[in-house]
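Bear in mind that the values here come from a model prediction, so they are computed numbers and not experimental data. Letters A, B, ... are given to chains in the order of the sequence lines, protein chains preceding strands, and every chain is numbered from 1.
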Amino acid sequence: AQTVTQSQPEMSVQEAETVTLSCTYDTSESDYYLFWYKQPPSRQMILVIRQEAYKQQNATENRFSVNFQKAAKSFSLKISDSQLGDAAMYFCAYRRGATNKLIFGTGTLLAVQP
Amino acid sequence: DAGVTQSPTHLIKTRGQQVTLRCSPKSGHDTVSWYQQALGQGPQFIFQYYEEEERQRGNFPDRFSGHQFPNYSSELNVNALLLGDSALYLCASSFPGQSYEQYFGPGTRLTVT
């Protein structure tokens with residue numbers, strides 16, 4: 001069975017600094033997707049970034065980028081120039097190929113200090 | 001363009017009762033998935049509906065059932081409520097062909113007393 005592990009329950013970063021959130025996963029599949037979702041106090045899950053397993057290039061979305069290490073089954077999220085609005089719970093998620101089922105980690109609560 | 005909407009926002013029920021939660025997908029989406037998020041945990045997949053049929057199911061008992069209507073909206077029903085069913089219930093919609101990108105609603109907070 002596929003699993004997703006986030007080993008950092010909480011992280012803190014100063015405004016304008018860079019922070020990296022860690023995620024590891026376990027799967028025997030070759031066709032899969034990895035995601036980072038942000039869940040602010042409003043509760044709505046927002047997609048931050050997506051990585052297709054078959055792509056070697058790391059995904060980037062503005063201040064957000066990932067370090068995808070397929071052999072190590074590692075998928076970390078880097079947030080550059082952190083802003084107060086980045087404060088939220090961040091979830092790493094896995095989805096096998098042609099399915100809708102997302103498997104989530106337990107989340108990392110990110111605090112941004114002014 | 002309306003996103004995914006869910007109703008009600010909050011709900012309080014008593015053990016043993018039944019509850020129905022509702023979800024309207026994002027415009028153009030025809031697939032709906034439901035997730036249960038216990039406090040302090042990541043969401044857990046309950047099931048997915050497409051073409052008015054349950055297509056995939058997570059590890060949840062038969063007390064959890066659902067329905068999808070011709071307009072793609074969906075309901076989640078939970079019978080014989082237990083205290084452990086207290087959670088945030090999230091609905092996500094997607095459209096096959098767009099890499100199964102899922103968009104989440106704001107959730108329904110269910111409290112069972």
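- Linking Ile, Leu, Val, Met, Phe, Trp and Tyr residues whenever their side-chain heavy atoms come within less than 4.5 Å leaves B/Tyr72 and B/Leu21 in two separate clusters.
- Sorted by first and then second residue, the salt bridge (charged side-chain N to carboxylate O under 4.0 Å, His left out) pairs involving residues 68-77 of chain B (not counting sequence neighbours) are B/Arg22-B/Glu75.
- In this structure the side chain of A/Phe91 reaches within 4.5 angstrom of the side chain of B/Pro43, judged on heavy atoms.
- Other residues, nucleotides and ligands place more than 12 heavy atoms under 6.0 Å from the CG atom of B/Asn71.
- Linking ILVMFWY side-chain heavy atoms closer than 4.5 Å, directly or via other members, places A/Tyr25 and A/Tyr33 in two distinct hydrophobic clusters.
- Note that CG of A/Leu102 and CD of B/Gln102 are 4.5 Å apart. Values are rounded to the nearest 0.5 Å.
- Grouping the Ile, Leu, Val, Met, Phe, Trp and Tyr side chains by contacts below 4.5 angstrom, directly or via other members, places A/Met89 with A/Tyr37.
- A/Asn100 and B/Thr31 share no donor-acceptor pair across their side chains, judged by distance under 3.5 Å alone.
- Taking the side chain as every heavy atom from C-beta outward, B/Leu88 and A/Gln39 approach each other to under 4.5 Å.
- If you measure heavy-atom distances from B/Phe47 to chain A, you find no contacts under 4.5 Å at all.
- Contacts between B/Gln48 and chain A at a heavy-atom distance below 4.5 Å involve the side chain alone, from C-beta outward.
- Dense packing is recorded around NZ of A/Lys70, with more than 12 heavy atoms of other residues, nucleotides or ligands lying under 6.0 Å away.
- Dense packing is recorded around CG of B/Leu83, with more than 12 heavy atoms of other residues, nucleotides or ligands lying under 6.0 Å away.
- Follow the hydrophobic side-chain contacts under 4.5 Å out from A/Tyr54 and you never reach A/Tyr94; the two are in separate clusters.
- A/Ile46 CD1: more than 12 foreign heavy atoms inside a 6.0 Å radius.
- Using non-hydrogen atoms only and a strict 4.5 Å limit, no part of residues 4-16 of chain A faces chain B.
- Grouping the Ile, Leu, Val, Met, Phe, Trp and Tyr side chains by contacts below 4.5 angstrom, directly or via other members, places A/Phe64 apart from A/Phe35.
- For chain B, the nearby part of A/Leu47 is the side chain; its heavy atoms alone come within less than 4.5 Å.
- For B/Gln6, no part sits under 4.5 Å from any heavy atom of chain A, backbone or side chain.
- Within 6.0 Å of CZ on B/Arg15 lie no more than 12 heavy atoms contributed by other residues, nucleotides or ligands.
- Around atom CD of A/Gln44, more than 12 heavy atoms belonging to other residues, nucleotides or ligands sit under 6.0 Å away.
- Using a 4.5 Å cut-off on side-chain heavy atoms (C-beta onward), A/Arg95 and B/Phe45 make no contact.
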Exercise for review: Decide side-chain contact (heavy atoms from CB on, under 4.5 Å) for A/Met45 and B/Val4; before the verdict, give the C-alpha distance in whole Å, the side-chain angles of both, and the deciding distance to 0.1 Å.
Suggested key: CA-CA 11 Å; A/Met45 200 76 74; B/Val4 180; over 6 Å; no
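- At a 4.5 Å heavy-atom cutoff, B/Ser93 makes no contact with chain A through either its backbone or its side chain.
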Donor-acceptor list for residues 104-113 of chain B side chains, cut-off 3.5 Å, not counting sequence neighbours:
unit_1   : atom_1 : unit_2  : atom_2 : d
B/Thr108 : OG1    : B/Pro8  : O      : 2.5
B/Thr113 : OG1    : B/Lys13 : O      : 3.4

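- Contacts between residues 103-114 of chain A and chain B, counted as heavy-atom pairs separated by less than 4.5 Å, involve A/Phe104, A/Gly105, A/Thr106.
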